[in-house]
Amino acid sequence: MGLAMTASSDAAQPASTTAAPLADWPRIESPVKTDAVLEARIARILSDMTLAEKIGQMTQPEIKAITPDEVRRYHIGSVLNGGGSWPSMNKHATVTDWLRLADAYHDASMRSDAKTPIPVIWGTDAVHGHSNVFGATLFPHNIGLGAAHEPALVERIGQATAQATRATGIDWVFAPTLAVAQNVRWGRSYESFSSDPALVRAYAADYIRGFQGDLRGDGTVVATAKHYIGDGATDQGHDQGNAVIPLREMINVHGQGYYGALGEGVQTVMASFNSWHDVEAGVDYGKMHGTHELLTVALKQKMGFDGLLVSDWNGIAQVPGCSNASCPQSINAGMDMVMVPEDWKAFIANTTKQVEAGEIPMSRIDDAVTRILRVKLRAGLFDRKPSDGRYAGKESAVVHRELAREAVRKSLVLLKNENGALPLKPGMRVLVVGPGADDMPRQAGGWSLTWQGTDNTNADYRNADTVLAAMREALGADHVTFDARGENVDASKFDAVVAVIGETPYAETNGDIIASETMSHSRRFPADLAAVRAAAATGKPVVTVLLSGRPLYTNDLLNLSNAFVAAWWPGSEGGGITDVLVASKDGKPRFDFQGRLPFSWPGTPCPAPENRPDPKNPPLFARMYGLTYAKPAPVAHLDESTVTSCGEATSVPVFNTAAAAPFALQVEANGATQAIGASLNDTLRFPTAKPAIEVATSQVNTQQDAKRVTWHAPARVFARSAGPVNLNNIAFADGALQFDVIVHAAPTSPVVLAMNCGKTCDGVDIAPALSKLAIGTKATLKVPLKCFSQRKVDVGAVVEPFSVSVTAPFSASFTRIAVVAGAARAADAIDCGTP
Ligand code: BGC
Ligand code: BGC
């Protein structure tokens with residue numbers, strides 16, 4: 001942990017919470033009232049339902065894993081498409097393709113043999129426009145909308161996105177995210193409007209009104225307030241991590257968005273992957289998905305939420321004792337619908353048994369189904385099919401370019417403008433440089449056609465303009481020259497240089513910047529620094545446009561630039577940028593800057609989180625900072641730090657004497673797995689009848705610090721975590737998987753070291769390295785992370801950091817297993833070749 005993070009937890013009241021702090025969860029009055037006629041109808045439907053029908057309603061599989069006919073047979077209540085999942089897995093599927101599939105699922109649900117067939121509801125991540133759909137307008141991500149500080153804008157975006165969603169026959173959006181992010185190391189910070197709870201609350205209300213309207217109107221959708229609760233509060237900004245904050249902070253900061261959303265009648269809430277440790281009360285609530293106190297007591301009882309609570313993607317599996325396919329704890333805690341993308345058949349079977357055994361009370365099932373029916377009835381789903389309505393099937397309904405362009409204009413934050421570098425004037429000859437200038441993926445960010453926003457090219461974005469295209473449009477193609485690197489250009493030919501740089505896209509987990517890594521943009525994207533340097537070397541005014549999912553340390557880039565614009569991830573409309581940057585013919589700006597920082601902007605590479613400010617390391621620009629043409633202000637030359645790391649935490653421990661959380665050791669043989677318990681005395685023989693593998697405690701460095709593993713037949717020993725761990729930054733810092741080993745019996749077959757073993761378990765054969773070691777002597781093996789990424793392992797989302805598979809007799813002791821930055825540089829690191 002960096003120095004910056006040591007401030008005490010008492011400093012935690014946001015400046016803008018002016019109302020007296022709440023002591024408990026408030027009662028929220030929903031405008032969507034309970035209706036006795038409707039409730040009676042729900043009770044009638046429910047009384048005719050079988051247990052199978054009820055559990056089917058509570059189940060939400062992913063479209064890749066379920067056919068329309070299975071929806072009918074299993075009485076499925078809902079389907080979703082995950083990020084980067086499209087009809088027939090065709091990225092360029094048309095609006096008609098989507099609508100046809102929606103109709104197919106709907107028709108199948110209505111052909112059920114139930115007494116009252118119940119329409120299935122489809123949910124999708126329309127998080128900045130209908131963002132999985134080819135050709136759909138991509139609005140700025142929430143952080144940019146937050147910068148606009150105009151709640152009415154998100155109401156209009158909600159309406160437009162609802163129409164786009166209904167065009168494809170989908171009735172439910174998993175949006176908006178109401179995280180009040182406090183540490184922009186979190187890779188989902190861009191899904192957060194602001195670190196200011198008051199702003200998040202205002203946006204929540206207006207966005208919900210835009211999405212849901214009166215719920216029954218044409219072009220409205222059911223919305224989701226997510227991720228409940230504390231997703232933006234996790235320690236060090238770890239995705240799916242632990243929120244270590246007191247109750248009053250949970251209520252007064254992270255609850256605010258929910259008060260706004262519930263106050264507008266939001267019909268669904270999605271549980272969050274994070275856990276919560278109430279530091280003041282000393283209570284460990286554990287994972288949200290299993291926390292009755294928050295799901296039932298706070299949300300449903302105290303706040304009065306009467307809609308449905310849905311789990312996040314396999315989120316139930318992270319509750320201790322649960323798996324993807326089974327979690328009575330979560331249902332009993334208050335979960336109404338379970339997002340169980342793949343393992344839904346086993347989930348239905350298990351849940352059925354749990355109800356029959358009395359592990360889940362029937363009253364809880366009835367309550368869940370009542371809530372699901374309530375939402376479906378309120379949304380009018382019993383009265384129409386996906387292809388009804390004026391937007392259904394209309395390609396034009398997914399396109400909202402003018403509105404998006406306006407949103408982009410309003411989202412831009414001007415951080416610096418000296419010597420009138422901006423606006424650019426018509427007639428100027430402009431050199432455009434930088435890797436972000438003509439790169440839609442970098443402009444769109446995560447959750448854009450694909451989950452992480454990666455694996456796309458400009459051709460995947462129809463109805464979109466890059467910044468370069470917009471510059472050509474605004475200044476005339478003959479006045480714009482593009483040279484991505486900006487090297488060897490003849491400066492005399494230009495009047496100004498525009499450098500467009502930015503973060504490459506990312507989403508959950510992969511986007512985290514771990515605590516030991518700096519927030520310096522130039523360090524992560526040296527080509528961007530090079531481009532801005534090249535721009536400065538021309539001696540012409542330099543205008544830098546940064547496309548990013550969050551504030552970053554940019555002192556060096558600010559110094560090199562005469563003007564600097566934080567454009568966030570603006571989405572499909574590059575024209576919104578030139579609207580503000582390029583003046584009209586009379587030389588006057590066409591639009592002034594409206595954006596103000598929704599988060600503070602760091603002036604050091606190792607900034608403190610927003611809620612734990614470090615007086616010694618204040619932000620460079622406070623929240624709400626933003627210059628305008630009307631009111632410019634200078635920025636003095638800034639200190640440029642050469643700090644290359646923010647702390648000691650340059651390794652992720654996996655095992656040393658005991659498994660390091662979140663990892664646990666297991667063995668696998670004949671397709672079955674078994675946890676290696678914490679006992680230092682027991683020897684595990686697995687399977688018991690005829691052991692393929694044995695694990696006992698041994699010593700490598702200190703007493704009882706290692707596991708001696710003996711193979712008799714094909715088997716595997718591995719470390720596994722409940723959720724994905726991001727090793728990207730360690731990989732980037734020449735990381736390696738490192739461990740101490742003593743060979744007791746030399747290998748007689750390959751010894752495959754893998755990460756995220758999966759079905760193929762493709763890994764590095766370390767038998768040659770092990771065979772060279774003297775029996776009984778300790779060695780330290782270092783296997784570069786790139787050996788795994790070359791094998792297509794996503795080091796941004798590692799679930800099994802260490803896996804050793806062996807097929808024939810072999811015995812060795814292992815300990816001090818860790819993923820260590822810099823270890824790949826060691827002379828004795830294993831050479832797995834270059835790709
Ligand atoms: C994300 C949610 C999303 C869901 C469905 C999860 O991994 O956390 O925000 O709605 O997937 O794609
Ligand atoms: C899906 C996402 C989901 C994620 C969860 C991805 O494969 O496409 O929608 O949120 O998995 O880990």
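Keep in mind that the numbers below use all heavy atoms, side chains included, and drop hydrogens, waters and symmetry copies. Position 1 is the first residue of the sequence, and the numbers go up from there. Every number for a ligand or one of its atoms is a count from 1 in the order of the listing.
For a threshold of 3.5 Å applied to N or O pairs, the pair formed by H227 and ligand 1 contains at least one separation below that value. Backbone and side-chain nitrogen or oxygen atoms of W447 are examined, and none is located within less than 3.5 angstrom of a nitrogen or oxygen of ligand 1. Considering backbone and side-chain N/O atoms, D125 comes within less than 3.5 Å of an N/O atom of ligand 1. Between K226 and ligand 1, at least one N/O pair is under 3.5 Å apart.
Counting heavy atoms closer than 4.0 Å to ligand 1, residue E62 contributes nothing at all. The part of F273 lying near ligand 1 is the side chain, judged by heavy-atom distances below 4.0 Å. At a heavy-atom cutoff of 4.0 Å, ligand 1 is contacted by the side chain of L80 but not by its backbone.
Near D312, meaning under 4.0 Å from any of its heavy atoms, are these atoms of ligand 1: 1 (C), 2 (C), 3 (C), 4 (C), 6 (C), 7 (O), 8 (O), 11 (O). Listed by number with element, the atoms of ligand 1 under 4.0 angstrom from any heavy atom of W313 are 6 (C), 7 (O), 11 (O). Atom numbering of ligand 1 starts at 1 in the shown order; those under 4.0 Å from a heavy atom of R188 are 1 (C), 2 (C), 8 (O), 9 (O).
Between Y207 and F193, the ring planes are tilted. Angles from 30° to 60° get that label.
Looking at D206 and R201, no side-chain N of the basic residue comes within less than 4.0 Å of a carboxylate O on the acidic one, giving no salt bridge.
Close placement of the W344 and Y74 rings is indicated, their centers lying within 6.0 Å of each other.
Side chain to side chain, S272 and N274 meet the donor-acceptor criterion of an N or O pair below 3.5 Å. When only modelled atom types and interatomic distance are considered, W172 and T268 share a side-chain donor-acceptor pair under 3.5 Å.
Residues passing the side chain to side chain donor-acceptor pair (under 3.5 Å) test with R550, sequence neighbours excluded: E503, Y506. The side chain to side chain donor-acceptor pair (under 3.5 Å) check on S448 picks up H128, with sequence neighbours excluded.
Within the structure, the closest approach of E191 to ligand 1 does not fall below 4.0 Å when heavy atoms are considered.
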Original post:
Could you go step by step and tell me if W122 and N81 meet the side-chain hydrogen bond (donor to acceptor under 3.5 Å, both in side chains) rule?
Top reply: CA-CA 8 Å; W122 180 339; N81 69 297; 3.0 Å; yes

